[in-house]
Each structure stands twice: as C-alpha cells, then as structure tokens.
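Shown next, in structure tokens, is the structure this report addresses.
Please read all numbers here as calculations on a predicted model, not as lab measurements.
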Amino acid sequence: MILSDPLESVFRLASPQKKAVKKLGINTIGDLLFHFPARYANLSEVKLIKELIGGDQAIILGKIKNIKTKKSFRGKIPMGEAVVEDASGSIKIMWFNQPYLAKMFAIGNKVKISGKVTGGKKGIYLANPEIERIDELSIDAHNTLFKKGLGSPEQTLLPTYPESRGITSRFFYHAIKKILGSGILENMEDFVPEEILKKYNLPAIKTALIWIHAPRSEKESVSARKRFAFEKVFLIQLAEQKKRIKYELKNTFVVKKNKVGVEEFLKRFHFEPTNAQMRALEVIFKDLGSGKPMMRLLEGDVGSGKTLVAATASYLIVTTRPDGKNFGNLQVAYMAPTEILAKQHFESFINYFSHLSIQIGLITSSGCKKFPSKVSASWQTGNGATDISRAQLLKWVENGEIPILIGTHALIQKSVSFKHLALAIIDEQHRFGISQRGLLAKKDSGNKLVPHLLTMTATPIPRTLALTIYGSLDLTLLDEMPKGRKEIITEIVPPDKRNDTYEKVRKELKDGRQVYVICPRIDEPDPNKEMALLAKSVKTEAERLKKEIFQEYRVAILHSKMKESDKDATMQRFTKHAIDILVATSMVEVGVNVENATVIIIEGAERFGLAQLHQLRGRVLRSTHQAYCYLFSETKSAKSSERLRAIKKAKNGFELAEIDLTLRGAGELGGGKQWGLSDLAMEAIKNLKMVEAARAEATELIKKDSELKRFPLLQQALNDKEKTIHLE
C-alpha cells in the first residue's frame, strides 16, 4: 500500500460511498490518511440519558426498548430508528441511510452508544451514533467497546470524522486503522525541517499521524493537531514569501512625495484627514519612493476613509513623470468588484481631480465613459462625463492620454493595456482572485517596470488571519473614523417588536432621512420547490411596506437581476432623495454611499454572515447624523442569537473580527472557506504566536534559500500544496 494508491484499489466501496468520498475530496489512500477527526468522544465519560442536552457529544449505556427500519417523511431516505433507555429515561436514536444497523440489534439488547445529541421540535435524539452490543450496563464497562476492534484498551478517545451522505465515521475509523497497520508510515519522510519541529516541540509526521487518529490522551491529540496546523500555515507562508521576494526583485517606478501638492490636494476633501489616514499616506509615500514595488494591504472599517488614501496616492502618481519628476503622465488603474461601486468611484474621482488637466476613464461590461480635460468649479457629480466607444477609450489608455482608469473586471481583459501603469489599486480585494490581481499588475505595455500594488478591504479580519492569507503584503490599518461620526445604534428586533420599530423608522423619515430595507432573496419561493427557505423577498416586501406600513413614502427596489441602466437610475434617484425607502438585496453591501440614509433594516438577519451584516450596517455610517441598524430576526437558535448579539456588541469591525474568531472560528468574517483553508488551518489562525512563528521561519528560510534547494521534500510539498491552497 502506498499513499498514491486509489482508494478503491484497497477498499470495496458501495455506490453511495463512492459519491461521498468524492464529495469530501478523498481519492487516494493518502487523502484518507490526512482526513482528520473533527472531534473525539471520551470513552471514559458515560452520561445518563436525563443529563443529555442538545449539542452534547455523549456516550450512553442502555437497553433497546424499540427498534425498526423506515423511510423519512420528506426525502424518503431509508433509515434505522430505535429507542434506548437507561435507569434515568429514554432517547430516540436515528441512523440516516443506514437501515441495516437496525437489523443488527433486537429489543432487549444492551448497548453502548456514542454520538452527538441533536435538538428537534419534538425533543432531543442521537443522529448516526456509534452503537455496540455489551454484556453489562456498568458505567465502568467501556472496555467492552474494544471487543469489536474500536481502539485499544489504552485508548480513551474515539475519533469522529467529518462525514458526507452515504459514508460514516465508523467507515473512516476502520479504514484508517487498516492503513496505519499496513506499515505505510515506515517509508514516510517529513518535509518540515527537523530543527523547526524540535524548536517548537512538534511531533514528526509518523508520530503525529498516529496521535491524531488514535490518541491515548487529549495531550497527544492536541500535539498532533498543533503540528498539522503549523504545517498548513507554514506552507502558506512559504508560498507568500516566495511571491513577495519574486515581485520585489522587479524594477518599478520611483515616485517622490510632492509635499506642497499633496497638502493642497487634501484640502479638496470636505473633512480633515484622520491621524490614521495620514499615517497610511506616509508609509505609502515611502513605498512609492523606495525603488521597490509596493505590495500593501490597506485594511479599514466601513467609512474609515480608504478612498481618500487611494485618491491621494493616485494624485502623487498622475502628477509625476516617468523620470520621477513633476508634472507627468504616469497612470493609475482602479479596480472595483461591482459596476455600482466602479461608477461611484468614477464620480468621486471626477470631483477630486476636476482642478487638474487630466482625463479619467471608466470601463465596465456595460460601457465606457470619459471625463473631459477641465471643468468649471460649479460642476456637480453626474455631469460632464461622456459615453465613448471601447476602442477609443482603449487607444487613449494605451498611449497614456488617460492617466486614471477605473473599472470592474473589464480592466483585466486582454485588450486593455497601459503606457506607464505605475499604481494598481484593488478595492474590496478579497472579491478578486490572485490570478486576476496578477493580470492587473502586468498591464503596462510600454516597459518592463511593474506597478506598485495597493489593495484595500473594508472587511476587518483578525491579525492572525491577515498575517496568513496576506503574507506577501504589508498591512496598514485605518483604525480611526472621521471626526463627528456617531456610533451606530444596533437593535435586534423579534417579531413582536416590529411595529414599534416601524414607528421609530417613521420618525426618521419625517425628519427627512432615508431608509434601506435588506431582504435575503429577490422573489418569493416556489411553494412546491423551496418550502425550506421561508425568507422575505425584495419584491413582495416592497409591496407590503408601501401598502400596509409606509403608504405616504416613496418605495423602490434594487436587485442583481435588474438591467444595469435600471440599477443606475434607481441609485441616482435614491441619491437625490427621489426615493425614501430602498428595498434591496445584499448587493448594496459594498460601496453604496448615500449620506442622507440613516436607517437600515435587515430582514432575516440570521441568514447573513457577520461580515455581510457589518458591511450592510456600514451603508448608514456615511454622515454625522445618528444612524440606526435594526436586525429583524425570527431565529430560535442559541448560536444564531449569540452571533447577532456580537454584531450589536461590537463597536467596530476590528472588534467584531476578534469576537467572531472566538465565537465560531476564523471562517466567516475573514472568509475562511473562500480562502480554501482546511478547518485545521483555520483553527490555527486563533493562535497568534503560531502564525507569527510560521511566518518568521518561512521568511528566514526563503531569504537564505529562495528556491529551497536544500529542502527538496519541502519544495515538493509546496508545489503540491500550491495546487490545492487557494488564497482567495
């Protein structure tokens, strides 16, 4: 048996099992060996049935009172069902897709059951638990579990593996036990350098694999998980540091700070820059003049003023010649994730740069625009820009006549090229893939100089996650809000308090303010197909609000299925206060900026991620008026309620990021799933010292040996992992 052997060459798999392992990404013996337990059941901790509560990982000893096979009411899934009792009470047991288990036992059998207690409408039950016949019901009788080969007498922790429909933890346990007993570990070499393992007291690969699958104690399982978590982060850091060194070796534009010009430019904003913005600008100016290409992530909370920083950096670029002197024709590319946001930046940049003799272009999938050379001081947003053909715009960009080009993904099409692209700005960068960012950095057609790269995000993430997934970037935080901003008032609204909330909203409308109402879906569900998703829809909710609640106010809708022209027209009307209440999907999550909107209602708030809720709440943090966020929720889940309370409790996104990390891991707020990191690696993100250690070791290793010639096993592991670790 070797790691690359196909799974089916060693194990006979039924059709449902084949589908299940494929879904889990398990194709080979190696894949199965590195399919790690999600948790462990402690065989020494047996509970009474009356002590069980939903969410428990429990072991019980009891007698079968009733047992049968059946099909589920909705999906007609074949299943086994039993009732087990002990001296304290009884509980239902259900095995989905495993009816055969019910045929292996009979009424009166004494059994040991291990599994997760699930709460339902009719009480609690155990879903897909391990079950084993025993001779006695003594609490101390757990060693009888080993008669069927589960573990060993010294092993008190029974691993529970991530499952998929058609395959169980029981299969994984026995299959992995067979692999471990085959001698396959004897020829396995460790790619993590021995000195690093010793330095951080981490077990070698062979020991770690045994300890993670068959630990004799919690200490062994923790040590093994720590090793594999370090390994994951270490490989990511190696890839990021290699990328950084490779980019830093390239030549770039040297842009010196024009102090007087920058000071004059900053006066064009209607507010005084915060200290955080000025600090960010200073480090960016230093990067631009260093002779090395900048690779920086600007991380700021919603409304913290990232656009001011990006615009000021752009000013320095477009007022510098290719020889590094003023006044010149270097270029800026500004990429945004949506057309609405791209157009908003286009209009903002026209305001910022209308005093200069430069042209600004906009390119999206629906068309191109250009702002003319010079306009009068009385120019207002929305006027002065003209539609032009794509061919004409691309020609002007390529010959350098348009210094600033703003756009969506259309910016990275093959037909787009620049004469002197000196700065690439990527807004909400987590929405673009690494290959897309790379394409933007290669758009300069005139020479071999690479542009400086400034990426930005309004989704604050824990420092540990940022250090990992953005390992090649320098981090700059905007941790202050502009003066005069009031803290948003956030309330969780249960169904019986809706009418009270509507009256609060009515008061804001009477004071001349505007309101967002966010719904999880566009249309009502087909009752025959989507009974499970009883979420409010934009269209129906807009009709209800206009007809029953806010008859005297102007209500409109906005969603992704509308034509771009209709979306633009709706946003223009909302911006000009021709609409009082905008009912929309979460597409307004990023960038939409209407200062007069002070209230946001989020229907079905429990259906949105924490990052989304925070972004949506930020839509009404655009002025000095008091802002309100009402989270309409019908959840009865303790977990969902806790998450919503976190939104209410957190004063800013950075605080929320840390709360979320504690609550449910790094996955949601930081986009853990979208980064492609395993649950084990995401677990490691909670440990700042581990991340910093992995980063330090990777940086030192790459500085000494950028091609890892002294560590061929590590280089091979990195090559393999780069195919599966996707950092977006």
Checklist line | Test log, rule side-chain contact (heavy atoms from CB on, under 4.5 Å), inputs Ser169 and Glu130 | finding: CA-CA 8 Å; Ser169 189; Glu130 296 283 345; 4.3 Å; yes
Next item on the list: Look at Arg645 together with Glu642 and state whether they make a salt bridge at an N to O cut-off of under 4.0 Å.
Entry: no
Item checked: With sequence neighbours excluded, residues passing salt bridge (Lys or Arg N to Asp or Glu O under 4.0 Å) with Glu194 -> Lys198
Notebook entry, point to check: Between Lys206 and Glu186, is there a donor-acceptor pair closer than 3.5 Å when you use the side chain of the first and the backbone of the second?
Noted result: yes
Check: Can you tell if the side chain of Lys539 reaches within under 4.5 Å of the side chain of Ile522, non-hydrogen atoms only?
Finding: yes
Check: Under the salt bridge (Lys or Arg N to Asp or Glu O under 4.0 Å) test, which residues partner Asp86, sequence neighbours left out?
Finding: none
Notebook entry, point to check: Given side chains that start at C-beta, do those of Ile29 and Ile184 come closer than 4.5 Å, heavy atoms only?
Noted result: yes
Next item on the list: First locate atom CD1 of Ile205, then atom CG of Leu185, and finally report the distance between them rounded to the nearest 0.5 Å.
Entry: 8.5 Å
Check: Is there a side-chain contact between Ile93 and Tyr125, using heavy atoms and a 4.5 Å cut-off?
Finding: no
Item checked: Over all atoms of both residues, closest heavy-atom pair of Lys50 and Ser88 -> N-OG, 3.1 Å
Check: Got Ile602 and Phe608 here, is their nearest side-chain heavy-atom distance under 4.5 Å?
Finding: yes
Check: Which heavy-atom pair separates Ile91 from Ile124 by the least distance, and what is that distance?
Finding: CG1-O, 3.8 Å
Next item on the list: Check whether any side-chain N or O of Ser114 sits under 3.5 Å from a backbone N or O of Ile59 as a donor-acceptor pair, and report yes or no.
Entry: no
Next item on the list: Measure the NZ-CG distance between Lys112 and Leu61 for me, rounded to the nearest 0.5 Å.
Entry: 4.0 Å
Checklist line | Point-to-point distance, once rounded to the nearest 0.5 Å, from CG of Leu126 to CD of Gln57 | finding: 9.0 Å
Checklist line | Ring centers of Tyr173, His213 separated by less than 6.0 Å | finding: no
Item checked: Side chain Glu51, main chain Lys47, donor-acceptor under 3.5 Å -> no
Only distances under 3.5 Å count here; give the side-chain donor-acceptor pairs of residues 20-27 to other protein atoms, sequence neighbours excluded, each with its distance to 0.1 Å.
none

Check: What is the minimum heavy-atom distance between Trp211 and Ala224, and which atoms define it?
Finding: CB-CB, 3.7 Å
Item checked: Between CG on residue Leu202 and NZ on residue Lys226, distance to nearest 0.5 Å -> 6.0 Å
Checklist line | Minimum-distance pair of heavy atoms, taken over all atoms of Met587 and Ser560 | finding: SD-N, 3.5 Å
Checklist line | Short side-chain to backbone donor-acceptor contact, Thr28 and Asp5, under 3.5 Å | finding: no
Item checked: Contact check, side chains of Leu209 and Met188, non-hydrogen atoms, under 4.5 Å -> yes
Notebook entry, point to check: Hey, is the main chain of Ala204 close enough, under 3.5 Å, to the side chain of Asp190 for a donor-acceptor pair?
Noted result: no
Margin query: Between Thr540 and Ser537 (side chain of the first, backbone of the second, donor and acceptor by atom type, cut-off under 3.5 Å), is there such a pair?
Written below: no
Margin query: Side chains of Pro37 and Thr160, heavy atoms from C-beta outward: is any pair under 4.5 Å?
Written below: no
Item checked: Distance (rounded to the nearest 0.5 Å) between Lys232 NZ and Gln237 CD -> 14.5 Å
Next item on the list: Say whether, by atom type as modelled, one donor and one acceptor occur between the side chain of Glu220 and the main chain of Pro215 under 3.5 angstrom.
Entry: no
Item checked: Donor-acceptor contact below 3.5 Å, side chain Arg607 vs main chain Ser633 -> no
Checklist line | Minimum heavy-atom distance Leu235-Leu718, with the two atoms named | finding: O-CD1, 3.4 Å
Check: Can you find a pair of side-chain heavy atoms, one from Phe234 and one from Leu714, that are under 4.5 Å apart?
Finding: yes
Notebook entry, point to check: What's the verdict on side-chain contact (heavy atoms from CB on, under 4.5 Å) for Met79 and Trp95, showing C-alpha distance, side-chain angles and the deciding distance?
Noted result: CA-CA 5 Å; Met79 57 188 289; Trp95 295 280; 5.9 Å; no
Margin query: Any carboxylate oxygen within less than 4.0 angstrom of a Lys/Arg side-chain nitrogen, looking at Glu541 and Lys536?
Written below: yes
Margin query: In terms of relative ring orientation, are Phe228 and Phe34 parallel, tilted or perpendicular, with 30° and 60° separating the classes?
Written below: perpendicular
Next item on the list: Mind checking side-chain hydrogen bond (donor to acceptor under 3.5 Å, both in side chains) for Glu81 and listing every partner two or more places apart, or none if nothing turns up?
Entry: Lys70
Check: Aromatic rings Phe171 and Phe11: how do their planes relate, parallel, tilted or perpendicular, breaks at 30° and 60°?
Finding: perpendicular
Check: Considering residues at least two apart in sequence or located in another chain, which fulfil the side-chain hydrogen bond (donor to acceptor under 3.5 Å, both in side chains) criterion with Glu163?
Finding: none
Return a table of donor-acceptor pairs under 3.5 angstrom between the side chains of residues 96-104 and protein atoms on other chains or two or more places apart.
unit_1	atom_1	unit_2	atom_2	d
Gln98	NE2	Asn128	OD1	3.2

Check: Between the main-chain N or O of Thr338 and the side-chain N or O of His409, is there a donor-acceptor pair closer than 3.5 Å?
Finding: no
Margin query: Taking the six-membered ring for Trp, are Phe191 and Phe711 closer than 6.0 Å centroid to centroid?
Written below: no
Next item on the list: Test Ser586 against every option in His559, Gln612, Gln615 by the side chain to side chain donor-acceptor pair (under 3.5 Å) rule and name the one that passes.
Entry: Gln612
Margin query: Show, in sequence, the C-alpha distance, side-chain angles and deciding distance for Leu613 and Leu644, and conclude whether the side-chain contact (heavy atoms from CB on, under 4.5 Å) test is met.
Written below: CA-CA 9 Å; Leu613 289 174; Leu644 294 182; 3.9 Å; yes
Check: What heavy-atom pair brings Ala208 and Arg227 nearest, and what distance separates the two atoms?
Finding: CB-CD, 3.6 Å
Margin query: Closer than 3.5 angstrom, by distance alone: can the side chain of Asn719 be matched with the main-chain N or O of Gln716 as a donor-acceptor pair?
Written below: no
Checklist line | Among Val10, Leu3, Ile179, side chain to side chain contact (heavy atoms under 4.5 Å, CB included) partner for Leu32 | finding: Ile179
Item checked: Pairwise distance OG(Ser221) to CD1(Ile212) - rounded to 0.5 angstrom -> 8.0 Å
Next item on the list: State, with a plain yes or no, whether a side-chain heavy atom of Tyr40 is found less than 4.5 Å away from one of Glu218.
Entry: no
